Number of protein chains: 2
Amino acid sequence: MITKEMTSAVSNIMVLSVLKSGMSYGYQLLRKIKQDSNELFDWTEGMLYPVLHRLEKQKYIESIWGTSEAGRRRKYYQITSSGQDYLAELLDGWYSISEVLIGLED
Amino acid sequence: MITKEMTSAVSNIMVLSVLKSGMSYGYQLLRKIKQDSNELFDWTEGMLYPVLHRLEKQKYIESIWGTSEAGRRRKYYQITSSGQDYLAELLDGWYSISEVLIGLED
DNA sequence: AATTATACCTAGATTAATTAGGTTAGATTA
DNA sequence: TAATCTAACCTAATTAATCTAGGTATAATT
């Protein structure tokens, strides 16, 4: 079971991880996150946009407005270097907890 | 870095995991959790007791009042069988997320 | 006598997620 | 051409949770 607390704990990690492999925009991120997580995560827009806005305010990602081939406006996000550092720290924390949990299972 | 969201996501898991290896009481749980996590978690009582009360309300743990050798009152907690099932589900969720994160790192 | 350690508890401020909306515009179908 | 679907963005507000900062009581130690 994926609890909402777990979702909350990885939301930043997921967004930063996906952005690490290239720029993306909100609508596409939703599909990528669903796909890259083997449908484990199927977020709504109302879940993603607040995360994006918070990460941007914290300077872990930055955005520019662009246009799709079809002419629709899009806000592209890319990870900053401080965002990459932050991602590494978050992953480190996640994995160290995982090790503790594994250690407790004996 | 351990974020508070991560802490929140594992608080139930940690308490249930420690209780799985035997009964314990609040004050001792705090020390066990600190010790078993290699000091990764150093919770305050204000963090633990609400978790215990919630888990008890959900019937994942149950409590009885007892007395220490020294004569102090203690509330002992033990995990229920539905708590063991719940713990297994939580661990399953945690590990499946971990696998997604590992997959994203390439 | 005073302090530390043991052992429990809760109120309330803050913070965050999620539901449930809303807007605009291009593409498709009836 | 009207209607619907998909793309693409956004926020308000309810709900729920953490955590700080308290509080009580008693045994042991200095």
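Excluded from the calculations below are hydrogen atoms, water molecules and symmetry mates; all remaining heavy atoms, backbone and side chain alike, are included. Since this is a predicted model, take the numbers as computed values, not measurements. A note on names: the letters A, B, ... follow the listed sequences, proteins ahead of strands, and every chain is numbered from 1.
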Engineer: Strictly below 4.0 Å: does Lys4(B) bring a side-chain N or O up to OP1 or OP2 of dA17(D)?
Structural biologist: no
Engineer: Just to be sure I understand the rule, does Gly26(A) reach a base, reach only the sugar-phosphate, or reach nothing, if contact means heavy atoms closer than 4.0 Å?
Structural biologist: sugar-phosphate
Engineer: So that I can tick it off, tell me whether Glu69(B) and Arg74(B) are bridged by a salt bridge, with the cut-off set at under 4.0 angstrom between side-chain N and carboxylate O.
Structural biologist: yes
Engineer: Among dC19(D), dC9(C), dA7(D), which nucleotide has an atom closest to any side-chain atom of Pro50(B)?
Structural biologist: dC19(D)
Engineer: Between residues 62-75 of chain A and DNA chain C, which residues have a heavy-atom gap below 4.0 Å?
Structural biologist: Ala70(A), Arg72(A)
Engineer: Return yes if some donor-acceptor pair links the side-chain N/O of Thr67(A) with the main-chain N/O of Gly71(A) below 3.5 Å, else return no.
Structural biologist: no
Engineer: Counting heavy atoms from C-beta on, name the nucleotide in dA17(C), dC9(D), dC8(C) closest to the side chain of Tyr27(B).
Structural biologist: dC8(C)
Engineer: OP1 or OP2 of dA16(D) versus the side-chain N and O atoms of Arg54(B): is any pair under 4.0 Å?
Structural biologist: no
Engineer: What's the separation between atom OG1 in Thr7(B) and atom CE in Met14(B), rounded to the nearest 0.5 Å?
Structural biologist: 10.5 Å
Engineer: Please determine, for dA30(C), whether a Watson-Crick or G-U wobble partner exists with both distances under 3.5 Å, and give it or none.
Structural biologist: dT1(D)
Engineer: Measure from the side-chain heavy atoms of Glu45(A) and tell me the nearest of dT6(D), dG23(D), dC10(D).
Structural biologist: dC10(D)
Engineer: If you pin Thr44(B) and His53(A) to their nearest nucleotides in DNA chain D, which one's is more 5'?
Structural biologist: His53(A)
Engineer: Do any N or O atoms from the side chain of Ser68(B) and from the backbone of Arg72(B) form a donor-acceptor pair under 3.5 angstrom?
Structural biologist: yes
Engineer: Is it true that the side chains of Thr80(B) and Glu62(B) contain a donor and an acceptor less than 3.5 Å apart?
Structural biologist: no
Engineer: Just by distance, no angles: are the side chains of Glu56(B) and Ser63(B) close enough, under 3.5 Å, to form a donor-acceptor pair?
Structural biologist: yes
Engineer: Please determine, for the side chain of Met47(A), which listed nucleotide (dT18(C), dA7(D), dA16(C)) has the closest atom?
Structural biologist: dT18(C)
Engineer: From C-beta outward on Tyr49(B), which listed nucleotide comes closest to its side chain: dA16(D), dC19(D), dC9(C)?
Structural biologist: dC9(C)
